[in-house]
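What follows is one structure encoded as structure tokens, with my remarks underneath.
Just so we're on the same page: letters track the sequence lines, and every chain starts at 1.
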Amino acid sequence: MAKAAKTAITPTRAENYPEWYQQVVRAADLAENSPVRGCMVIKPWGCALWENMQRILDDMFKATGHKNAYFPLLIPKRFLEKEAEHVEGFAKECAVVTHHRLEEGPDGGLVPAGELEEPLVIRPTSEMIIGDAFSRWIESYRDLPLLINQWANVVRWEMRTRLFLRTSEFLWQEGHTAHATEQEAREHTIRMLNVYATFARDTMAMPVITGEKTAAERFPGAVETFCIEGMMQDRKALQAGTSHFLGQNFSKAQDIEFLDENGERLNAWTTSWGVSTRLIGGLIMTHADDDGLVLPPRLAPVHVVIMPITFKADDPEKIMNYCHKIADDLRVQAFHGRHIEVEIDDRDIRGGEKNWSWVKKGVPIRIEVGPRDMADDAVFMARRDRPAKDKKGVARTEFVSSITSTLEDIQQTLLRRATEFRDEHTHQIDTEQDFRDFFTAPAGEPTPIHAGFAMTHFSGDSDVEEKIKNDLGVTVRCIPTELGEPGTCPFTGKPSAGRVVWAKSY
RNA sequence: CGGGCUGUAGCGCAGCUUGGUAGCGCGCUUGACUGGGGGUCAAGAGGUCGACGGUUCGAAUCCGUCCAGCCCGACCA
């Protein structure tokens, strides 16, 4: 048996996808599990990624007229009780604070004491606490629209957790807006959905489908929920962001009222929308390979890592100076609103180990600079979108002057690959039998690599959706914004306005 | 909350059936050799064997109780 090429990550994606994912998170040093089940420690490299996402998204929110604010972590229990569907949706996964003090117990340990008169809920989302503020901030139509965003952590007591994809505590942003008219609120919901889709595609190089959720998948309390859905490399769908049109449900529950031009008292129309650290999970499962993380340049904390090869040099200092010169020439250049981030890795560890550590972290460009390169006024370059051993010598001046176009080329390559992969595994399906065959794995497949996206007509019957979910574990991921041609639902024979996306999902 | 399993060094595990107070791999420290590649060799640091109780001259090992965690189901950004 031929020996397979050694990969930096074991197992490979094909061998065991879920385990591969965990190993990439570990190898890239993104995060680790915490002492509390379901929570995670986000390590510097993972945090830097999130910071880049935050910065770019925050600019996009500001550009669409939003201001940041911060609302409290703790919410009075009675706030959550105001909106019936909302309560029902979140009650099962709320962490509740009931005491405000610890006292020494009989066995020497600490026991909670000082029971609170009213329990406090750790926010699973902030509609209720922000709605409470909105009801006080909004008096007249002149106060509208009110466009607020907050960066925060939230807690949802999850049964099954995976780093970044589903953790009990996660970081996110939640936008909350109030509008005078239904139409304006609806438009805003879609506007923010499109901001997410643009961010996913242009910054993360992650192609997504925008669409609306079916009733079964809707946010508790929303009138309509929209989402962006991406395809991961195991062909499962990942909901990467949501935008909700809340109608007047929350404004009625919380008295968010204003006086219009005619002096009439009306309820505002509200929206909310969010993306979370789950995006990092999506990034990994879209681009990472069997050698670890692969970062799109626009998000990479470091664009170029320079590894000086000084062991054999007659004059190590000369090589270091040469490296610093290259770094300086790169840093003065800009790439999508940031100067080029360069790291010179002069750690005293073995060359191979050093090189592989940057491969696993997904840095877009690695260069090695030794005596031979310096003599040629060149660098030895490797790109993370190509195999780890695919390296070549490049003249220094050419390398420096083409750096932004090289980074852009990597960015585009990643997007193109991900888009091709998704399209290759998206199929139009017209009969129920074909649909069932599509989602039934061939016997003996070592790990569940799922069929992909099935586009079928659908009449929208929720009992059909329910049955398919039970039979196949497949759900409607969304009703795409681009509906296409009307047709006939293969499950009911009824007419359908357009095709919907079915897939297994995270 | 139902069903299965596991707690021994930072991580991953062996030892338990047939009691005699701990071992392996990785990692870590130091040194040597090496040097466009995650290498080789040597020396070293690190554990009240999940907790409590019982049996015993003696318990990681046998018995009991408890605690914690993991996996599979229902729920989910």
> By salt bridge (Lys or Arg N to Asp or Glu O under 4.0 Å), which residues pair with A:D385, not counting sequence neighbours?
Replying inline: A:R383
> Just one of A:E224, A:E229, A:E465 clears the salt bridge (Lys or Arg N to Asp or Glu O under 4.0 Å) bar with A:K213, so which one?
Replying inline: A:E229
>> If a pair means Watson-Crick or G-U wobble with both distances below 3.5 Å, what does RNA chain B look like in dot-bracket form, with | marking bases paired to a different strand?
In response: ((((((((.[[[[.)....(..]]]].((((((.....)))))).....[[[[[..)....]]]]])))))))....
> Residues two or more places apart in sequence or in another chain: which of them pass ring-ring contact (aromatic ring centres under 6.0 Å, His included) with A:Y322?
Replying inline: none
Please output the side-chain donor-acceptor pairs of residues 45-58 of chain A that fall under 3.5 Å, not counting sequence neighbours, one pair per line with the distance.
| unit_1 | atom_1 | unit_2 | atom_2 | d |
| --- | --- | --- | --- | --- |
| A:W45 | NE1 | A:K361 | O | 3.1 |
| A:N52 | OD1 | A:R55 | NH1 | 2.8 |
| A:N52 | ND2 | A:L299 | O | 2.8 |
| A:D58 | OD1 | A:N68 | ND2 | 2.9 |
| A:D58 | OD1 | A:W151 | NE1 | 2.8 |
| A:D58 | OD2 | A:K62 | NZ | 2.6 |

>> Classify A:K354 by what it touches in the nucleic acid, base, sugar-phosphate, or nothing, heavy-atom distance under 4.0 Å.
In response: nothing
> Listed by chain and number, what are the side-chain hydrogen bond (donor to acceptor under 3.5 Å, both in side chains) partners of A:K325, not counting sequence neighbours?
Replying inline: A:D329
> Would you say the base of B:G36 and the side-chain of A:N355 have a donor-acceptor pair closer than 3.5 Å?
Replying inline: no
Got a list of side-chain donor-acceptor pairs under 3.5 Å for residues 387-399 of chain A, not counting sequence neighbours?
| unit_1 | atom_1 | unit_2 | atom_2 | d |
| --- | --- | --- | --- | --- |
| A:K391 | NZ | A:E368 | OE2 | 2.7 |
| A:R396 | NE | A:D377 | OD1 | 2.6 |
| A:R396 | NH2 | A:D377 | OD2 | 3.4 |

>> Considering every strand and a 4.0 Å limit on heavy-atom distances, what is the contact class for A:L165: base, sugar-phosphate, or nothing?
In response: base
In residues 85-98 of chain A, what donor-acceptor pairs under 3.5 Å come from side-chain atoms, sequence neighbours left out?
| unit_1 | atom_1 | unit_2 | atom_2 | d |
| --- | --- | --- | --- | --- |
| A:H86 | ND1 | A:P220 | O | 3.2 |
| A:K92 | NZ | A:E88 | O | 3.3 |

> What residue pairs, at least two apart or across chains, pass ring pair (Phe, Tyr, Trp, His ring centres under 6.0 Å) with a residue in residues 463-482 of chain A?
Replying inline: none
>> If the condition is ring-ring contact (aromatic ring centres under 6.0 Å, His included), which residues does A:F458 pass it with, not counting sequence neighbours?
In response: A:W502
> Where along residues 274-292 of chain A does a heavy atom fall under 4.0 Å from RNA chain B?
Replying inline: A:S276, A:R278
> Hey, does A:T167 reach any base, or is it just sugar-phosphate, or nothing, if we go heavy atoms under 4.0 Å?
Replying inline: base
If you restrict it to nitrogen or oxygen atoms, what contacts under 3.5 Å exist between nucleotides 24-34 of chain B and the protein, and what is each distance?
| unit_1 | atom_1 | unit_2 | atom_2 | d |
| --- | --- | --- | --- | --- |
| B:U34 | O2 | A:R350 | NH1 | 3.4 |
| B:U34 | O2 | A:R350 | NH2 | 3.3 |

>> If I pick the C1' atom on B:G35 and the same atom on B:G39, what distance separates them, to the nearest angstrom?
In response: 9 Å
Residues 20-27 of chain A, side-chain donor-acceptor partners within the protein, below 3.5 Å, at least two apart:
| unit_1 | atom_1 | unit_2 | atom_2 | d |
| --- | --- | --- | --- | --- |
| A:W20 | NE1 | A:D289 | O | 3.2 |
| A:Y21 | OH | A:L163 | O | 2.7 |
| A:Q23 | NE2 | A:E19 | OE2 | 2.7 |

>> Just to be sure I understand the rule, does A:Q239 reach a base, reach only the sugar-phosphate, or reach nothing, if contact means heavy atoms closer than 4.0 Å?
In response: sugar-phosphate
